[in-house]
2 protein chains.
Amino acid sequence: MGFKFEIVKANRISQNIVEQIRSAILEGELKIGDQLPSEKDFSKHFGVSKSSLREAYRVLEAYGLLEIRQGMTGGAFIKEVDLSTVKDSLVNYFFFQNPGLREYTQIRTFLEPQVVRICAEIITDKDIEYLENNILAMEEEPEGETFMSDLDSAFHKKLVDITDNKIISLVVESVQKALINIKRIVHTDQDFLKMVCNGHRKIVSALKAHDPEQASHAMIDHINEVEKGMMASKGGTMIITEKGLLKKNRTSQ
Amino acid sequence: MGFKFEIVKANRISQNIVEQIRSAILEGELKIGDQLPSEKDFSKHFGVSKSSLREAYRVLEAYGLLEIRQGMTGGAFIKEVDLSTVKDSLVNYFFFQNPGLREYTQIRTFLEPQVVRICAEIITDKDIEYLENNILAMEEEPEGETFMSDLDSAFHKKLVDITDNKIISLVVESVQKALINIKRIVHTDQDFLKMVCNGHRKIVSALKAHDPEQASHAMIDHINEVEKGMMASKGGTMIITEKGLLKKNRTSQ
DNA sequence: AATATTAAAACATCTGATCTTTTAATATTT
DNA sequence: AAATATTAAAAGATCAGATGTTTTAATATT
């Protein structure tokens, strides 16, 4: 018998509701800001208990599709999925995949040089001003571990935002975020900071000259230098959650 | 008063539990396969009701961190987050961001030429055989709308897998998945199929010759041709969910 | 007019009972 | 002895309904 049957899973009630609502959103029936009925009304409508409906709401909330507010004017509202939801999902995924520094560096060297190529063509004076201020702030930081990371992220984020490509922004920012977690423990001394500032200066200088080729090279050099700097002080991959928790992961795959 | 206070949100019990368990996972206290206590025991341990604990379990399950099985040997087990969870999250995100065809093409032209550059260096005869069989299968498909997409995905997935970079794989595959949804309605005639096969042939030919430069160019041409082909028949962005539901999104945003 | 109180809507949590699923252990049949 | 059927237990799934908490609108008071 060459038939291929699909496995039938006894669907949970809450899962069924989740799918119905998610479909309604993806089909456009439910728009951002739309309010779903109250727990009481909606559970009655579905003919299920309040607990089942609540579980469905929790899941949709976890997906970032729903915002639930308490109080008289509260309720369940359709929400646009925000970046942090996707990033968290990526962080969870990367935690188990546990990519090496090489993998992060590689995708950066694929994307960011191209990003600054585009930037070189279309960057405005205002953008350049922002980037220069960012470098100044970084140089003035004395031993600014955390702050330096924020400024570093902001620098790269600014560049990718100029390209106006949401997908690339998401990827670059997520990689940046994952890298910060590694950087934070691995290395943050003055030499490292000076090296980063130097790299950023060269990139901005090329952008100012509207020279794509030079900008691209400056970016490649910068990314490779950063990797080298991080390799110098070895260490396992670390992940810092939103709540500031640390995790040293040395699983040998 | 220049102080900056953070907003205090009355945390839900379930959210608190979610964070505790997620932290325990990211800190390495909980490993893949570990079983959490039963609902009854664990809720007693936390000093909360079963409903609150169950809501926490639902959320962790939505994150892809937990697998819950019913029955005598069932329970809640720590699970590795799988690709489909992240992809779904990306689909949700892209739905609202609604990137244009240009954005997909752009990130592809940044990543995939570099991917085949690497492939050209390290590709094996077995890999090439796989790719050639893939092309043959595609050419033999008469009007294989869906199947063609599957083969096309498999082709690009194979290439990116050769690079052995989990991050790039995730990105390329997600973009691929999103594109299929657009392609499926936009265009799938014989000319399109022939054009795709032709592009793939050129890429494989360059890989066979272990010529990175040629492979890269063949890939760039291929991606651009596909975009042109898709632009020809205009249409809104479409999204197909896991369950096969369609959504035409024309929000002018 | 400003402030304080109250009421109501909606979510949050709890208790405890009753299915349903799954599998291990046991009993029955062949 | 082996195959099959039955039973029991563990654990999740669902339900019903009570009670608490938040938030805001309406009202009353100063």
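A, B, ... follow the sequence lines: proteins, then strands. Residue 1 opens every chain.
For B:Arg12, counting side-chain heavy atoms from C-beta on, the closest listed nucleotide (C:dC11, C:dA12, C:dT21) is C:dA12. The side chain of A:Glu39 has C:dC11 as its nearest neighbour among C:dA8, C:dT15, C:dC11. Picking from C:dT23, D:dC15, D:dG12 the nucleotide with the shortest atom distance to the side chain of B:Ile68 gives D:dG12. Taking every side-chain heavy atom of A:Ser52 into account, D:dT14 is the closest of D:dG20, D:dT14, C:dC14. When the nucleotides D:dC15, C:dT23, C:dA12 are ranked by their closest atom to the side chain of B:Thr73, C:dT23 comes out on top. The side chain of B:Lys50 sits closest to D:dA13 out of D:dA13, D:dT24, C:dC11. The side chain of A:Ser49 lies closest to D:dT14, out of C:dA10, D:dT14, C:dT21. For A:Ser38, counting side-chain heavy atoms from C-beta on, the closest listed nucleotide (C:dC11, C:dT15, D:dA11) is C:dC11. For A:Met72, the side-chain atoms get nearest to C:dA8 when compared with the rest of C:dA24, C:dT21, C:dA8.
Residue A:Phe42 contributes atom CZ, which lies 11 Å from atom P of C:dC11 at whole-angstrom precision. In this structure, the CZ atom of B:Arg54 is 18 Å from the P atom of C:dG16, given to the nearest Å. Whole-Å rounding puts the A:Lys40 NZ to D:dC15 P distance at 17 Å. Between B:Lys44 atom NZ and C:dT15 atom C1' the separation is 12 Å, expressed in whole Å. The CZ atom of B:Phe46 sits 17 Å away from the C1' atom of C:dC14 (whole-angstrom rounding). Rounded to an integer number of Å, the gap from CG of B:Leu60 to P of D:dG12 is 14 Å. Going from atom CD of B:Gln35 over to atom C1' of C:dT23 covers 14 Å, rounded to whole Å. Atom CG of A:Leu36 is separated from atom P of C:dA9 by 19 Å (rounded to the nearest Å).
Ranked by how close their nearest DNA chain D nucleotide is to the 5' end, A:Gly71 and A:Glu55 are led by A:Glu55.
Panel note: side chain B:Ser89, backbone B:Thr85; no donor-acceptor pair is recorded below 3.5 Å. The backbone N or O of A:Leu151 sits less than 3.5 Å from a side-chain atom of A:Asn134, completing a donor-acceptor pair.
Looking at A:Asp88 and A:Lys177, a side-chain N of the basic residue comes within less than 4.0 Å of a carboxylate O on the acidic one, giving a salt bridge. A salt bridge is defined here as a Lys NZ or Arg NE, NH1 or NH2 lying under 4.0 Å from an Asp or Glu carboxylate O, and A:Arg22 with A:Glu19 fails to meet this definition. Under the 4.0 Å criterion applied to side-chain N and carboxylate O atoms, B:Arg12 and A:Glu61 are assigned as salt-bridge partners.
Judged by distance alone, the side chains of B:Thr163 and B:Asn165 never bring a donor and an acceptor atom under 3.5 Å apart. Looking at A:Asp127 and A:Thr124, their side chains do bring a donor and an acceptor atom within 3.5 Å of each other.
Classified by interplanar angle (parallel below 30°, tilted 30° to 60°, perpendicular above 60°), the ring pair B:Phe94/B:Tyr104 is perpendicular.
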For DNA chain D, the dot-bracket pattern of Watson-Crick and G-U pairs whose distances stay under 3.5 Å, | for other-strand partners: ||||||||||||||||||||||||||||||

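Using a 4.0 Å heavy-atom criterion, one finds that A:Arg69 contacts the sugar-phosphate atoms exclusively.
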